[in-house]
Amino acid sequence: CPIQPVIVSNSNQLNRIQIYPNPFTDQLQVRTSIKSLKQVYLLNSVGQMLIKIETSFENLELDCSSIPPGMYELQILQGTMFRSERIIKF
């Protein structure tokens, strides 16, 4: 796992993060109402990091066209807050 899980200090802020569509085909959207540095990781089923992005933008579009269909884990680290979502690519 590329990042160490941390204690979520404010789950309300994490609930404001939207990840869609799920399932997806080639593009995955990550939207948040918070303008701060975010680290976004996409991991395959064995924990290998496929995508790593650091951004302070509120909206992020991940190009996942080069990865095969399957189940993945999207991890978002924002300050001391950590969120992990299982996503499926068709």
Side-chain angles (χ1 to χ4, degrees):
C1 209
I3 55 179
Q4 297 296 319
V6 294
I7 296 172
V8 174
S9 61
N10 188 345
S11 61
N12 271 348
Q13 290 180 345
L14 285 176
N15 289 335
R16 294 182 196 165
I17 297 174
Q18 300 174 352
I19 301 164
Y20 63 91
N22 190 15
F24 68 102
T25 51
D26 290 333
Q27 305 297 321
L28 186 64
Q29 306 290 323
V30 179
R31 306 253 189 252
T32 178
S33 60
I34 303 165
K35 280 188 180 177
S36 66
L37 183 64
K38 291 172 270 309
Q39 296 161 333
V40 180
Y41 303 93
L42 183 67
L43 309 173
N44 66 13
S45 60
V46 294
Q48 294 172 316
M49 188 181 346
L50 305 175
I51 297 175
K52 176 184 176 183
I53 296 175
E54 291 189 19
T55 182
S56 59
F57 291 116
E58 294 170 320
N59 303 318
L60 177 64
E61 182 174 281
L62 297 175
D63 179 8
C64 300
S65 59
S66 64
I67 63 172
M71 186 175 293
Y72 296 90
E73 183 174 346
L74 185 71
Q75 297 180 344
I76 302 170
L77 180 62
Q78 187 168 346
T80 60
M81 298 175 291
F82 175 81
R83 179 170 172 181
S84 179
E85 285 287 324
R86 295 219 184 260
I87 56 174
I88 298 171
K89 180 178 180 187
F90 282 153

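Heads up: numbering here begins at 1 and tracks the sequence. No hydrogens, no waters, no symmetry mates; every other heavy atom, side chains included, goes into these values.
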Running the 4.5 Å side-chain criterion over Ile, Leu, Val, Met, Phe, Trp and Tyr, what cluster does M71 land in, apart from itself?
I88, F90
With rounding to the nearest 0.5 Å, note down the distance linking CD1 in I19 to CD1 in I76.
4.0 Å
Any Y20 side-chain heavy atom under 4.5 Å of R31 side chain
yes
Transitive ILVMFWY side-chain link I87 to L50, under 4.5 Å:
yes
Could you give the distance from CD1 (I51) to CG (D63), rounded to the nearest 0.5 Å?
7.5 Å
Please report the interatomic distance CG(L62) to CG(L42), rounded to the nearest 0.5 Å.
7.0 Å
Checking N22 side chain against R86 main chain: does a donor-acceptor pair fall under 3.5 Å?
yes
In this structure, CG of N44 is separated from OH of Y72 (nearest 0.5 Å) by 7.0 Å
Can you list everything that forms a salt bridge (Lys or Arg N to Asp or Glu O under 4.0 Å) with E61? Sequence neighbours excluded, please.
none
Separation between NZ of K52 and CD of Q39, rounded to the nearest 0.5 Å:
6.5 Å
Checking the side chain of K38 only, and the main-chain atoms of S36 only, is there a donor and an acceptor separated by less than 3.5 Å?
yes
So how far is it from Q78 CD to S56 OG, rounded to the nearest 0.5 Å?
10.5 Å
Closest non-hydrogen atom pair between K89 and S65, with its separation
NZ-O, 3.6 Å
Any side-chain heavy atom of R83 within less than 4.5 Å of one from L74?
no
